[in-house]
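Single-structure report; data block below.
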Amino acid sequence: MAQPLRIALAGLGTVGGGVIRLIETNGALIARRAGRPIEIVAVCARDRGKDRGVDLSRYPWEDDMTLLAGREDVDVVVELVGGADGPALALARRTLAAGKGLVTANKAMIAHHGMELAEAAEKAGAPLKFEAAVAGGIPVIKGLREGAAANRVARVYGILNGTCNYILSTMERSGRDFAEVLKDAQDLGYAEADPAFDIEGVDAAHKLAILAGIAFGGRIDFAAMEIAGITRIRAADIAQAAALGYKIRLIGLAESEGAENGMGGLFQRVQPCLVPREHPLAAVDGPTNAVVVEGNFSGRLLFQGAGAGDGPTASAVVADLIDIARGDTGMPFSVPVAELETLARADSGRRRARAYLRFTVADRPGVLAEITAAMRDAGVSIESLIQQGRPEEGGEVLVAMVTHEGPESGVAHALALLEGSASLTEPPLVMPLLG
Ligand SMILES: NC(=O)c1ccc[n+]([C@@H]2O[C@H](COP(=O)([O-])OP(=O)(O)OC[C@H]3O[C@@H](n4cnc5c(N)ncnc54)[C@H](OP(=O)(O)O)[C@@H]3O)[C@@H](O)[C@H]2O)c1
């Protein structure tokens with residue numbers, strides 16, 4: 001058999017430990033499929049003494065992670081440390097500069113520095129792969145780059161954060177409020193001790209930025225991403241959505257404006273949406289991820305599976321290593337970085353949608369008239385006023401409504417008219433209905 005592919009593992013946490021277990025468990029099968037064995041020749045983490053549930057004594061330990069890049073005996077560095085910048089980025093730069101391959105699960109780093117790293121990889125003629133960075137074990141990058149390569153993609157969207165999906169589907173099942181369910185998710189290990197990146201939508205946005213770059217052949221533009229998380233969703237919103245035949249899901253959506261009106265421009269947003277109960281994404285429960293790709297010849301493709309966890313994520317990391325072992329060192333973003341377009345940002349105000357609006361208002365006469373007048377003045381037509389709830393303690397009432405389809409700028413205008421109104425006890429919550 002040919003020379004082994006020699007890899008160094010930086011980071012031995014959830015994913016790093018999974019990669020070791022996977023290579024140890026399926027080594028023979030992997031070697032057959034890759035045409036050669038994958039051999040771990042160095043490992044590195046912060047704490048050498050930590051019990052990681054795997055026997056590390058057979059793998060040479062490196063104290064300083066950046067030294068992995070310079071080792072003569074390493075073909076590919078596998079970066080499983082995390083963080084957009086800092087040590088992970090320093091290691092990535094050094095690895096590619098040294099002409100070695102880089103495999104990473106680090107979505108934050110690829111979303112922010114993917115263009116620079118792809119350029120460095122091209123210059124060095126070295127592979128750069130990041131299947132595990134998007135939707136854990138789901139081979140969606142491969143699906144887009146290879147399976148759907150012949151298509152013009154109109155839209156790519158999906159459920160990209162398992163923590164949020166777990167929280168929303170648990171709120172739906174239990175009728176409990178966000179804060180309580182988040183606490184349970186943390187106790188069960190479905191949410192980090194610091195869940196901000198997940199629940200505020202940033203993690204999903206990192207993944208969406210990467211998907212959008214590949215799907216639309218554009219340079220990653222993370223700054224163009226509109227991001228809203230799930231922290232303001234109440235059990236009452238979920239109940240109202242259910243009454244209308246919808247589920248609430250945090251959706252990352254990237255869409256070419258040109259697909260509908262020929263204006264060009266890329267729309268990228270992470271936001272909770274009302275998803276029709278019959279849509280495949282409505283059936284995605286718990287920590288599962290799912291991505292929909294709409295190609296002009298393929299039609300709608302659905303990728304679904306575990307979006308995180310040691311096993312699924314390791315499966316994606318090792319798939320990248322198998323590709324490299326076979327000699328598949330294709331362009332990270334399908335085309336050379338110089339050929340990626342700088343896509344214009346779509347004007348989201350022009351986007352047409354039906355929307356769910358929820359107002360939290362003081363319990364006094366005239367409030368509903370004030371809201372409906374603002375909607376009328378902004379040219380937004382109300383399809384249904386779902387509820388004027390009974391006053392909760394403190395005299396607060398929830399008013400929820402669904403608008404007819406119209407430009408998002410209309411709703412934004414209506415909310416601007418209501419801004420500062422003493423009738424509203426908190427800013428309104430707006431969620432589009434997924435069309
Ligand atoms: N967990 C998932 O399900 C998942 C899914 C998809 C993608 N990812 C991505 O995969 C990457 C790793 O995630 P993870 O969940 O495995 O993280 P983790 O469990 O926190 O592990 C991180 C590892 O990096 C090591 N490390 C941190 N700073 C270091 C430094 N300066 N020098 C050397 N080692 C250092 C840590 O060492 P110690 O163990 O000694 O502290 C630890 O072993 C992240 O980019 C994450 O976004 C994770």
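Both counts, for ligands and for their atoms, begin at 1 and track the order of listing. This one's a predicted model, so the numbers in the text were calculated from it and none came from an experiment.
- The pair E408-R269 meets the salt-bridge criterion, since a charged nitrogen lies less than 4.0 angstrom from a carboxylate oxygen.
- The shortest contact between atom 13 (O) of ligand 1 and any protein heavy atom is with V15 CG2, 3.9 Å.
- A salt bridge links R249 to E172: one of the charged nitrogens lies within less than 4.0 Å of a carboxylate oxygen.
- Within the 4.0 Å heavy-atom criterion, both parts of R46, backbone and side chain, lie near ligand 1.
- Without hydrogens or angle criteria, R36 side chain to A325 main chain gives a donor-acceptor distance under 3.5 Å.
- Classification of R6 and E72 as a salt-bridged pair fails, no side-chain N sitting under 4.0 Å from a carboxylate O.
- Side chain of T403 to backbone of A355: a donor-acceptor contact under 3.5 angstrom is found.
- Taking the ring centroids of F130 and F333, they lie under the 6.0 Å cut-off.
- For ligand 1, the atoms closer than 4.0 angstrom to any heavy atom of A132 are 6 (C), 7 (C).
- Under the 4.0 Å criterion applied to side-chain N and carboxylate O atoms, D184 and R176 are assigned as salt-bridge partners.
- Nearest to atom 9 (C) of ligand 1 among the protein's heavy atoms is A105 O, 3.2 Å.
- Protein heavy atom at the shortest distance from atom 31 (N) of ligand 1 is P87 CG, 3.8 Å.
- With respect to atom 3 (O) of ligand 1, the closest heavy atom belonging to the protein is G309 N, 2.7 Å.
- Contact check on D328 versus R326 returns no salt bridge, with no Lys/Arg side-chain nitrogen under 4.0 Å from an Asp/Glu carboxylate oxygen.
- Under the 3.5 Å distance criterion, the side-chain polar atoms of D47 are matched with a main-chain donor or acceptor of G49.
- Contacts between V81 and ligand 1 below 4.0 angstrom, taking non-hydrogen atoms only, involve backbone and side chain alike.
- Distance screen at 4.0 Å: atom 15 (O) of ligand 1 has a protein heavy-atom neighbour inside the cut-off.
- The number of heavy atoms from other shown groups lying within 6.0 Å of CD (E24) is above 12.
- With a 4.0 Å cut-off on non-hydrogen atoms, A10 does not touch ligand 1 at all.
- Close approach to L12 involves these atoms of ligand 1, each under 4.0 Å from a residue heavy atom: 23 (C), 42 (C), 43 (O).
- Checked against a 6.0 Å centroid threshold, the rings of Y246 and H279 do not count as neighbours.
- Within the 4.0 angstrom cut-off, atom 20 (O) of ligand 1 has no protein heavy-atom neighbours.
- Listed by atom number, the atoms of ligand 1 under 4.0 Å from A308 heavy atoms are 3 (O).
- With a 6.0 Å radius and a threshold of 12 heavy atoms from other residues, nucleotides or ligands, R152 has its CZ atom at or below the threshold.
- Polar contact check, G13 against ligand 1: a nitrogen or oxygen pair lies under 3.5 Å apart.
- Ranking the protein heavy atoms by distance from atom 39 (O) of ligand 1 puts R52 NH1, 2.7 Å first.
- The proximity of K107 to ligand 1, defined as any non-hydrogen pair under 4.0 Å, is limited to the side chain.
- In the candidate list E192, K50, M109, K50 is nearest to atom 38 (P) of ligand 1, counting heavy atoms.
- Protein heavy atom nearest atom 12 (C) of ligand 1, with residue, atom name and distance: L80 O, 3.3 Å.
- For atom 44 (C) of ligand 1, the closest non-hydrogen atom of the protein is G82 CA, 3.6 Å.
- Scanning the protein for heavy atoms near atom 32 (N) of ligand 1, the closest one is M65 SD, 3.7 Å.
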